[in-house]
Q: 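Below is the structure I would like to discuss, written out as structure tokens.
Because the structure is a prediction, the values reported are computed rather than measured. Residue numbers begin at 1 in each chain, while the letters A, B, ... track the order of the sequences. Just so you know, these numbers use all the heavy atoms, side chains as well, and skip hydrogens, waters and symmetry mates.
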Amino acid sequence: MENRMSKKRKAEASANVVKIGNKTISLEGYLSKKPRKETPAPAVKENPDADLTPDDTAPTLGLDGKNLEDAAADLAVRKPPGAPEFFQTRQGLPLWSYQDEIRRILRQNDVLVLVGETGSGKSTQVPQFLYQEGWCQRRRVKIEEGGRTEEVSVGGVIAITQPRRVAATTLAHRVAREAGTPLVSVEKGGGDKPKYDTSKGLVGYSVRFDHRVPRGTRIKFVTEGMLLQELLRDPHLRQYSAIVVDEIHERSVDVDLLSGFLKQIVTGDKAGRAGIPLKVVIMSATANVESIKTFFSDSEAQKTRPVSGQQTSPSPVQFLQIEGRQFPVEITHTPKPVPDIQEALLKTIFKIHTGEPLQDKYGRNDILAFFTGQEDIEAAQRLIEEYAATLGPKVPKIKVLPLFGQLSMEAQHEAFQPIKASFTRKVVLATNIAETSVTVPGVRYVIDCGKAKVKKYRPRLGMESLLAKPISQSSAIQRAGRAGREGPGKCFRLYTEETYDELPKTDLPEILRTDVLGAILTMKARGIEDVLSFPLMDRPEVESVEKALLHLHILGALADDGSITDMGRKMVLFPVTAPYARVLLAAADPKYDCLLEVIDIISCITAGDDIFLQIKSEELKEEVEANRKELSRREGDLLTYLTAMQLYVAETSDRAQWCKARKINIRNMKQALNIRKQIRGLCVKQKMMEQPAPDPRPFAPTSPDKAATILKSFLKGFALKTAMLAPDSSYVTSHGKHVVAIHPSSVLHGQKKEAIMFLEHVYTQKNYAKKVSAIQAAWIAEALEG
DNA sequence: GAGCACTGC
């Protein structure tokens, strides 16, 4: 609330401006409550491909009876190199016949855009085709930097980026086996000695919490975020001869930023690499790559390319398209728009079930239906089960399996298993999770409702919305493709062909749907002064960028002239969003001195979805709620998370049972412990605290005074996410004056407090505040003071 | 009284 903001702050606000490039923005405008019209923007989830299924993780030793030296000897005499038992499979991949062409293109060019559909083998084969190329060798060179000459190594390694950790690690394991230097899992091997010398190898990976980079690694699978972090240390990516950007069609914020930095390296002055080019292979599973090709081709910098010993000047971006290995999928649209999608979905399921065979020569004929969310899935499940009970003895039975992210691991796993009962058809009711993240085996019929829930950030309102929106054509194609993985399939679209034609070709990339706060800070920390001119495939609206710059200024990450501050540099070292990083820095301040507590809370929050699972059945409800009583704190959700973490750590006998009794997501809790360890380590390294005492530590409840201090440190990052209780018992936000309701998942739901702070603000059916704490109004002004 | 999907030295 502006009238509660301190006078000092107001005075500063009117005086302070942020400069971006040649633009000047005043803080006054940011803090004004002038209403603005929201522009509606349709958007949808991204898209496809995964050249592997989760089952691929199974570790195998391979190369029976051989050791690393033998494999190395093979390598020298054989062409292609690698473990012989994989030759046949690899040679059968569509990509195999393109290997000479791929090598030829990259000998002559720096950038290749490669379109390869699901199953083409691009993720596993491309790095193996390239690592023995002449340009891919490591070289000792002299580089002039700051007036002095330095001898450094450039090149030698190929990095392949993946949007997800599992993809990076499973691909690395598979390629390592194919290359004949498997990454034997020491942990999983139990007491057995690994068969191979795992300290050496051609293939490695590096993802958060998990790094396996053997000596001699030439092919390294990394997450996009990991490479962005490496860029912080090494802006020229000197370790690498090539970067293979996989799954670019998913268009994560990280891949967009990475593309910008790669474009700068490829087209810019390569003095930092002693003139040695960095090769870039962009890989997409969808053919819609025009904008990507244009992005990497058109460059002003290309004209001023240095001539320091470079033989070839780069030609335009090369392009190669490889067919996938999909079975044909017959697509049916509805002749007319359906009035009730839920009803149409059910009718289509029954029609397929009664009219189509249960099995054929390709295998099982299961059904996968795409829904928008959990609520629809659960409603449909009840109706299908009711219907299934009425089926005659000659009709196959139906087994309904829901599949969405909030389900437990075991429940999700059930959807991947073949049905054990005979004469039964599996019907999987899934959210978008089945479009990209997981592959359900056995599916031959897909039903596509044409919608998906999409999260979109509304910069003008400073909040997010999560609503069902029409999907894109490429998303619809991806959904249909799920029917053709194991045999010819059928896809039933519950919308007309005209509707399909009018859908956007691709989904809105994440950078246009999300708060660009993090992206801007990432750029600033990597030396981008004028963020508006940084090369991006899709540019966020200038207003969104300005909002983010101002927010970063308020957080203290940017100085008045828009340059990054020491605090900003510290903030980017933490694997949390900028506001959380600000809270960590505040908590380390002697004035607050509550860093350990704040780390515990932030670890719980950033571990994924809520650590508290929802309680479904009525009978369990009372029991679980009774068990949760000891965790619950009247100060709100943050102190409740802290108590949960402290009790979890103090629990030494059976943590799994402890979680089960309270319906706490143990997977997220374990992840929270990982994050806690990582953040603690970073804080020690930054001299923000001493090495903390090891676990377990006995539980002692946090005192009300300490709780207040913790909440005050959170306000340092979230002062704008506060609301006051109005006379009509609603909460009105101090920034924007919106009415918000406390989300039912909060321990403060239904309670009236003088003022609240909330870490998340999402519009679904209502304007909801999530992760809520009770605060005093006076604390808000205090937090904004300095 | 309610929850698309991912992710970070």
Q: When all nucleic acid strands are considered with a 4.0 Å heavy-atom cut-off, which category describes A:Leu682: base, sugar-phosphate, or nothing?
A: nothing

Q: Using atom NZ of A:Lys771 as one end and atom P of B:dA2 as the other, report the distance to the nearest whole Å.
A: 17 Å

Q: Less than 4.0 angstrom between a side-chain N/O of A:Thr372 and OP1 or OP2 of B:dC4, yes or no?
A: no

Q: CZ of A:Arg482 versus P of B:dA5: gap in Å, rounded?
A: 15 Å

Q: Looking only at the side chain of A:Ser745 (C-beta and beyond, no hydrogens), which of the listed nucleotides B:dA2, B:dA5, B:dC9 gets closest?
A: B:dA2

Q: Where is the tightest heavy-atom contact between A:Val516 and A:Ile511, given as atom of each residue plus distance?
A: CG1-O, 3.7 Å

Q: Base, sugar-phosphate alone, or nothing: which one does A:Val576 contact when heavy atoms must sit under 4.0 Å apart?
A: base

Q: Counting side-chain heavy atoms from C-beta on, which of B:dA2, B:dA5, B:dC9 comes nearest to A:Thr431?
A: B:dA5

Q: Could you please name the option among B:dG3, B:dG1, B:dC9 that lies closest to any side-chain atom of A:Arg208?
A: B:dC9

Q: From CG of A:Asp256 over to C1' of B:dT7, roughly how many Å is that when rounded to an integer?
A: 14 Å

Q: Give the rounded distance in Å between these two atoms: CZ of A:Phe612 and C1' of B:dA2.
A: 16 Å

Q: If a pair satisfies salt bridge (Lys or Arg N to Asp or Glu O under 4.0 Å) and one of its residues is in residues 222-234 of chain A, list it, with sequence neighbours excluded.
A: A:Lys220-A:Glu230

Q: Answer yes or no: side-chain N or O of A:Arg165 and base N or O of B:dC6 forming a donor-acceptor pair under 3.5 Å.
A: no

Q: Give a yes or no on whether the ring-centroid distance for A:Phe714 and A:Phe758 is below 6.0 angstrom.
A: no

Q: Report which part of the nucleic acid A:Gln678 touches: base, sugar-phosphate, or nothing (heavy-atom distance under 4.0 Å, all strands).
A: sugar-phosphate

Q: Side chain of A:Lys455: nearest nucleotide among B:dC4, B:dG8, B:dG3?
A: B:dC4

Q: Is it the case that the side chains of A:Thr286 and A:Asn288 hold a donor-acceptor pair, with the cut-off being a distance below 3.5 Å and no angle test?
A: no

Q: Over all strands shown, is A:Thr606 touching base, sugar-phosphate only, or nothing at heavy-atom distances under 4.0 angstrom?
A: nothing

Q: Can you check whether A:Gln374 has a side-chain N or O nearer than 4.0 Å to OP1 or OP2 of B:dA2?
A: no

Q: B:dC4 C1' sits how many Å from A:Asp610 CG, rounded?
A: 16 Å

Q: Would you mind checking if A:Arg251 and A:Asp538 are paired as a salt bridge, meaning a charged N to carboxylate O distance below 4.0 Å?
A: yes

Q: When the distance from CE of A:Met571 to C1' of B:dG8 is rounded to whole Å, what number comes out?
A: 15 Å

Q: Determine: side-chain N/O of A:Ser206 to OP1/OP2 of B:dC9, distance under 4.0 Å, yes or no.
A: no

Q: Would you mind telling me which of B:dC9, B:dC6, B:dG1 lies closest to the side-chain atoms of A:Arg164?
A: B:dC6

Q: Please determine, for the side chain of A:Gln765, which listed nucleotide (B:dA5, B:dG3, B:dC9) has the closest atom?
A: B:dG3

Q: Measure from the side chain of A:Pro744, starting at C-beta and using heavy atoms only, and say which of B:dT7, B:dG3, B:dG1 lies closest.
A: B:dG1

Q: Please tell me whether A:Thr223 and A:Arg208 have a donor and an acceptor in their side chains that are separated by less than 3.5 angstrom.
A: no

Q: Could you tell me if the side chain of A:Leu521 sits less than 4.5 Å from the side chain of A:Ile564, heavy atoms only?
A: yes

Q: Separation of A:Ile605 atom CD1 from B:dG3 atom C1', in whole Å?
A: 16 Å

Q: If you only use heavy atoms from C-beta on, which nucleotide in B:dG1, B:dT7, B:dC9 is closest to the side chain of A:Thr223?
A: B:dT7

Q: Whole-Å distance between B:dG8 P and A:Ile675 CD1?
A: 9 Å

Q: Does A:Phe209 or A:Glu625 map to a spot on DNA chain B nearer the 5' end, using the closest nucleotide for each?
A: A:Glu625

Q: Nearest to the side chain of A:Lys453 - B:dC6, B:dC4, B:dG3?
A: B:dC4

Q: Of A:Gln614 and A:Phe574, whose nearest nucleotide on DNA chain B comes first from the 5' end?
A: A:Gln614

Q: Checking all strands, does A:Ile433 fall into the base, sugar-phosphate, or nothing category for heavy-atom contacts under 4.0 angstrom?
A: sugar-phosphate

